[in-house]
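Labels below follow one simple rule: chain letters A, B, ... track the order of the sequence lines, proteins then strands, and each chain is numbered from 1.
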Protein chains: 2
Amino acid sequence: MNNTPVTLKFLAEKLKMSVSTVSKALNNYPTINEYTKQRVQEMARDLHFTPNKSAINLKEKKSHIIGIILPNLLDHFFTRSIYGVEQFATQNGYNVIISQSHDDLKKEIQSANMLLRSRVDGLIVAISKHTQDFAHLDQFENMGIPVVYYTRNPSFNLSCHKVLGNTFQGCYQATKFLIDRGHKKIAYLGGPKMINFTHERFNGYINALNDNQVPFSSELVAYTDFDKENTISAIKNLFANPENMPTALVAFKEPIMFDAMKYLKSINHPDFDKIEYVGFGNTSFISYLDSPPIASIEENPESVGENAIKLLIQLINKEIDIHNYQKVMVDCKLIVHG
Amino acid sequence: MNNTPVTLKFLAEKLKMSVSTVSKALNNYPTINEYTKQRVQEMARDLHFTPNKSAINLKEKKSHIIGIILPNLLDHFFTRSIYGVEQFATQNGYNVIISQSHDDLKKEIQSANMLLRSRVDGLIVAISKHTQDFAHLDQFENMGIPVVYYTRNPSFNLSCHKVLGNTFQGCYQATKFLIDRGHKKIAYLGGPKMINFTHERFNGYINALNDNQVPFSSELVAYTDFDKENTISAIKNLFANPENMPTALVAFKEPIMFDAMKYLKSINHPDFDKIEYVGFGNTSFISYLDSPPIASIEENPESVGENAIKLLIQLINKEIDIHNYQKVMVDCKLIVHG
DNA sequence: AACAACATTTCAAACGTTTGAAATAATTGC
DNA sequence: GCAATTATTTCAAACGTTTGAAATGTTGTT
């Protein structure tokens with residue numbers, strides 16, 4: 001095989017010209033003679049010259065790598081969001097390194113340090129459900145590397161760039177939809193309390209109730225940390241009082257909605273087939289269910305990803321100052337099934 | 001913020017010693033005085049020194065990056081396989097860049113070229129369903145960069161490293177399971193004909209039939225390229241002859257099995273609830289179905305990923321010669337539900 | 001006091017590329 | 001035919017690290 005790697009120097013020797021001429025020819029410098037360019041480019045093609053990225057990166061003080069830290073690739077929200085990131089990143093000459101935290105803070109810190117060592121040019125991160133201290137992520141900004149929080153972000157912290165779904169609007173819309181269908185007893189099944197979306201969605205829910213004169217009942221609200229048993233006990237609570245039985249349910253996420261549906265069916269809940277469900281997600285899987293939810297809240301993850309990478313690249317290019325903190329909201333869309 | 005980046009040189013100036021002493025102190029060279037090491041390491045910690053990977057990569061002629069090309073992250077097989085890859089790669093000091101081909105050959109070629117420019121140290125690839133020419137992947141081996149094909153691989157080509165599920169065994173087992181449950185008319189719904197697994201699984205199916213004296217009927221075999229309409233028409237064919245009605249179905253992949261179930265239900269097929277299904281995948285989603293499949297063939301994607309990265313690292317370290325082509329099989333496991 | 005033996009530090013080149021400044025070659029005007 | 005332009009090529013330093021060889025410093029032995 002190729003024992004001597006094909007470098008600029010190698011090409012230069014072959015062509016009997018200097019390394020800089022070769023470099024400039026390949027980079028299409030106007031000062032280089034057309035004929036020379038042609039000769040160089042031809043030789044480069046023939047010998048399969050590939051510029052060494054490490055060298056370029058060192059010279060340019062850029063890695064051309066963007067890091068993403070996210071909880072889990074098994075969650076379709078994140079997988080779909082990557083699609084948006086990838087496309088725009090590639091177009092702009094960036095590679096993407098994805099690192100999963102598995103919702104484990106220790107793993108998240110590891111990932112952050114690893115990406116820092118790799119000198120990523122920017123970072124997109126959806127924090128784990130346990131992240132409360134941000135030292136491992138603040139390092140980046142301290143070194144001048146921009147960070148965009150997407151979806152899951154530090155609720156209390158205003159000094160950071162955020163791209164997130166307009167989850168208030170999504171939940172408002174869903175609740176309104178159920179009210180319009182005549183429901184008076186609408187339950188809200190929220191996610192982990194540490195995730196700020198849990199509360200934003202709740203606000204959407206309660207605002208829709210208030211705006212439409214539907215009385216609020218705290219019995220109709222419960223939370224789960226996504227753990228199966230935790231979810232079941234939350235659902236039990238929601239359906240505990242026979243005097244105050246929900247006829248509809250808004251769920252923080254489709255998987256826990258499925259758990260709810262499964263549980264109610266398993267206990268042969270009398271009104272099982274009358275209850276109407278709406279959840280965040282819009283999984284393709286829904287179409288295979290015998291009694292599918294009435295609607296889904298589509299969060300447009302591709303768009304969230306795309307907005308995150310666009311903002312990040314603007315920050316990298318210093319088109320936006322790193323301390324001029326931005327907040328981008330992506331609207332949700334209610335998809336009615338059937 | 002930090003205007004002057006913290007480099008070895010910067011540390012050296014602060015400490016009034018040479019760059020090489022600092023470097024060696026940080027790398028724990030035995031020739032460096034203990035006290036000096038202490039001073040250097042302390043200063044490095046205090047100033048948050050992070051070695052510049054591009055420089056190291058350039059010097060070591062390694063990128064410490066492993067590339068993965070796969071069709072799609074929405075497919076849980078691939079997402080789960082990444083889990084296996086990631087862990088072992090990180091442990092060995094490698095970063096992973098994942099690139100999706102979306103089963104599009106052009107995109108696959110682009111990804112390959114991008115990863116080649118990034119000078120990945122090794123490549124793990126599951127080819128698109130349209131890949132028949134391998135020039136874009138052969139480049140890597142020509143440059144001495146090892147490539148491991150996993151799962152989807154060039155069937156006819158023996159001169160490559162492969163890690164794959166023992167899909168013959170999986171399909172044999174599933175078919176045998178259905179035979180043991182008394183089925184005589186077992187349909188086989190295969191995947192795209194270009195994917196070699198389609199045929200290996202078919203062989204497992206037919207061998208199980210033969211070994212157990214169940215007559216084979218070509219009417220009970222159909223193929224789909226995963227396209228919805230294509231799948232429906234394949235299913236129609238399987239259930240076309242009333243004289244030869246299947247009582248069980250082995251499906252190449254759970255999503256197309258779901259399509260089959262949905263279709264048969266939608267046409268109110270008389271024996272709908274008697275038909276027993278088995279598919280490759282073991283999606284977590286199954287538990288939410290009203291009439292779930294009788295069993296799933298678990299392909300152990302994590303293990304496939306782990307074996308692929310282990311082999312790749314051995315190849316990178318030249319513990320195995322790059323031309324000593326390896327084939328690793330990972331057994332499937334039949335999971336009976338309910 | 002001289003010198004071997006060892007401990008420790010520094011020098012200097014290398015990895016492959018980019019790029020402004022300097023050098024050289026080719027062309028033009030007079 | 002020679003200076004003045006302009007076109008083209010080359011020089012040389014830089015990016016941040018590693019590493020064998022060379023230099024320097026320190027002890028101990030006689």
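In this model, no side-chain donor or acceptor of B/Lys59 finds a partner on the base of D/dT17 within 3.5 Å. A donor-acceptor contact under 3.5 Å links the side chain of B/Lys24 to the base of C/dT10. At a cut-off of 3.5 angstrom, the base of C/dG16 holds no donor-acceptor pair with the side chain of A/Lys53.
Base engagement by A/Ser20 is indicated by at least one non-hydrogen atom pair under 4.0 Å involving a base atom.
When the side-chain nitrogen and oxygen atoms of A/Asn57 are compared with OP1 and OP2 of D/dC15, none of them lie within a distance under 4.0 Å. For the OP1/OP2 pair of C/dG16 and a distance below 4.0 Å, the side-chain nitrogens and oxygens of A/Thr7 include no atom meeting the criterion. Using a 4.0 Å cut-off, no side-chain N or O of A/Ser18 falls inside it from OP1 or OP2 of D/dT9. For D/dG16, the OP1/OP2 oxygens have a side-chain nitrogen or oxygen of A/Lys61 closer than 4.0 Å. For D/dT18, one of the phosphate oxygens OP1 or OP2 lies less than 4.0 angstrom from a side-chain nitrogen or oxygen of B/Ser23.
Ionic pairing of B/Lys14 and B/Asp46 is not present here: no N-O contact between side-chain nitrogen and carboxylate oxygen is shorter than 4.0 angstrom. Residues B/Arg45 and B/Glu42 are not paired through a salt bridge, judged by the lack of any N-O separation under 4.0 Å between the basic side chain and the carboxylate.
To the nearest angstrom, P of C/dT19 lies 13 Å from CG of A/Leu26. Separating the CG atom of B/Leu8 from the P atom of C/dC15 is a distance of 19 Å, rounded to the nearest angstrom. Between the CG atom of B/Asn27 and the P atom of D/dG20 there is a distance of 12 Å, rounded to whole Å. Per the geometry, CE belonging to A/Met17 stands 7 Å off P belonging to D/dT10, to the nearest Å. One interatomic measurement links the two molecules: NZ of A/Lys62 to P of C/dT18, which rounds to 14 Å at whole-angstrom precision. Spacing between atom NZ of B/Lys16 and atom P of C/dT10 amounts to 12 Å, rounded to whole angstrom units. Rounded to whole Å, the distance from CD on A/Glu13 to P on D/dT9 is 18 Å. Rounded to whole Å, atom C1' of D/dT9 lies 14 Å from atom CG of A/Leu15.
Side-chain polar atoms of A/Asn57 and A/His64 form a donor-acceptor pair below 3.5 angstrom. Side-chain contact of A/Gln41 with A/Asn28: a donor-acceptor pair under 3.5 Å is absent, judged by distance alone. A side-chain N or O of B/Asn196 and one of B/Asn153 form a donor-acceptor pair less than 3.5 Å apart.
A heavy atom closer than 4.0 Å to some atom of DNA chain D occurs in A/Thr31, A/Ile32, A/Asn33, A/Thr36, these being the qualifying members of residues 28-43 of chain A.
In this pair, B/His136 and B/Phe134 present their aromatic rings parallel. The plane angle is below 30°, not in the 30 to 60° band.
The side chain of B/Leu58 approaches D/dG16 more closely than any other nucleotide in the set D/dG16, C/dT18, C/dT17.
With sequence neighbours excluded, no residue forms a side-chain hydrogen bond (donor to acceptor under 3.5 Å, both in side chains) with A/Asn33.
Across B/Val304, B/Val125, B/Val85, B/Leu311, a single residue satisfies side chain to side chain contact (heavy atoms under 4.5 Å, CB included) together with B/Tyr150, and that is B/Val304.
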